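First comes the structure, then the notes that go with it.
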2 protein chains.
Amino acid sequence: MTTTDAGGQVAARARGPYAKTAERRLAILEAATEVFAERGWRAASLRQIAEAAGISLSTLQHHFPSKVELLHATMTHRDEHRFERAPGALPSFPQTVVGQAVANEGVPRLIQLYSVLTAESATAEHPARDYFAQRFASLREEYAAEFAALGAAGALRPGVDPATAAALLIGLWDGVQLQWLHDPDAIEPAEALVAYLGLVIDDEALLPSAAQRARWRSDGIVSA
Amino acid sequence: MTTTDAGGQVAARARGPYAKTAERRLAILEAATEVFAERGWRAASLRQIAEAAGISLSTLQHHFPSKVELLHATMTHRDEHRFERAPGALPSFPQTVVGQAVANEGVPRLIQLYSVLTAESATAEHPARDYFAQRFASLREEYAAEFAALGAAGALRPGVDPATAAALLIGLWDGVQLQWLHDPDAIEPAEALVAYLGLVIDDEALLPSAAQRARWRSDGIVSA
DNA sequence: GTCTATACTAAGATAGAC
DNA sequence: GTCTATCTTAGTATAGAC
């Protein structure tokens, strides 16, 4: 995985001598997030992004020398806004997963960016291909371990293989987000995950209740 | 949905006075399928496709005046190769779904084309966007009806909603194919579908057995 | 009917002026 | 830091040869 530290620089220099640079970079990253999410990386043009950020193409290119570097910086910036598991508040793995999905509803642009790039990067010679292949692999590993732990605790439905359950969860999540992109009214990703987890997990108490999900939606949820 | 009848012309004129045209068009469609599947529609260049088909760019453009029309013709051509339900041979809906997934393994290029375009078309102003939005909607409807029928026959796990089961099936299928594109060794789409259907369906006899799937893989499967 | 040659516009990338 | 100019390649359109 090759990424720049652009996102980090924004935060690190926010009050430093290069405050204006940091502001510019942040504005560019937000504009890039929007345009990449809307059109994908390939179809997005640097001229569109520059216009959305209110600067000229050359200024954009001063801060991010290539379109690939801008993509990497945008994804790093996105990773910093991911939902992090709060150990005390969300004890179970299913609750963490659904909590992440609910939190995602609050940042639709970032989700759209992620979904569009996940999908687009399944093509040859895409600059984010390694990033997502790596991500799939580590997610499968992480989720399989979580499902295995649930199984050891007797909370898994009999006959369910942890590795398979993990791959299905990831596939379902991405696929449902894809449907959601095509038709936002047709499906709710978080509720789809609840339905799937309800099929795999034997202990209802491990899933977030409808009331809990509603509370997350109205009160917001812990986010890093 | 706007498609040309290009695919149809190929078959219709195969032995007619324009046999050479038909051959050319078929060669172009096969080259286009390969390049679109590999790189997506936007990143694919007409020059690449022409080279893959062994003709000049201008010749390609004579047969398909625009890149959009070539895409439509390619998708129509793909639709003609879809697996069709053989009423006698595959009595149950779950068997039809898994049979389709197994048949897909025999035409990885077409599946890659479909997956890549499904994903890519989730962006704004994509020429296949309407096609896939429509496809999602009709698939959800069709599968929901099938699950409802299973429910009426008492073959559905208690508490499973047909519409939700349908949306999950479609999402899972697409998402798993996406993972398969990123890492073909990590997951088998057909087996993933079996695992999911096993969670939703109460009657084991409705699912194709492992032996049945193996037989499909070795003997081939009815395909339109 | 089939194919080649050429020109036009927009994109990403680069160099250099201020 | 910001902008102008230029290069290469892409998609597209047109004229015309066989």
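Order of the sequence lines fixes the chain letters, A, B, ..., with proteins taken first and strands second; residue numbering starts at 1 for each chain. These numbers come from a predicted model, not from an experiment.
Under the 6.0 Å cut-off for aromatic ring centres, A:Phe132 and A:Tyr114 qualify, their centroids lying closer than that. Ring centroid separation for the pair A:Tyr196 and B:Tyr196 does not come in under the 6.0 Å cut-off.
Atom CG in A:Leu60 sits roughly 14 Å away from atom P in C:dT14 (whole-Å rounding). Atom-to-atom, NE2 of A:His63 to P of C:dT14 comes out at 17 Å; the value is rounded to the nearest Å.
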> Are A:Arg42 and A:Thr123 close enough, and set up right, to give a side chain to side chain donor-acceptor pair (under 3.5 Å), and what steps lead you there?
Replying inline: CA-CA 11 Å; A:Arg42 290 200 217 259; A:Thr123 57; 2.7 Å; yes

Which atom pairs, donor and acceptor, lie under 3.5 Å between side-chain atoms of residues 166-180 of chain B and protein residues at least two apart or in another chain?
residue: B:Gln177; atom: OE1; partner: B:Ser115; partner atom: OG; Å: 3.0
residue: B:Gln179; atom: OE1; partner: A:Arg140; partner atom: NH1; Å: 2.8
residue: B:Gln179; atom: NE2; partner: A:Ala167; partner atom: O; Å: 3.0

> Tell me, for nucleotides 3-18 of chain D in 5' to 3' order, what letter each nucleotide earns: B for a base near a protein heavy atom under 4.0 Å, S for only sugar-phosphate near one, - for neither?
Replying inline: BB-----SBBB-----

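With respect to A:Glu191 and A:Arg217, a salt bridge is recorded, a charged nitrogen being found less than 4.0 Å from a carboxylate O.
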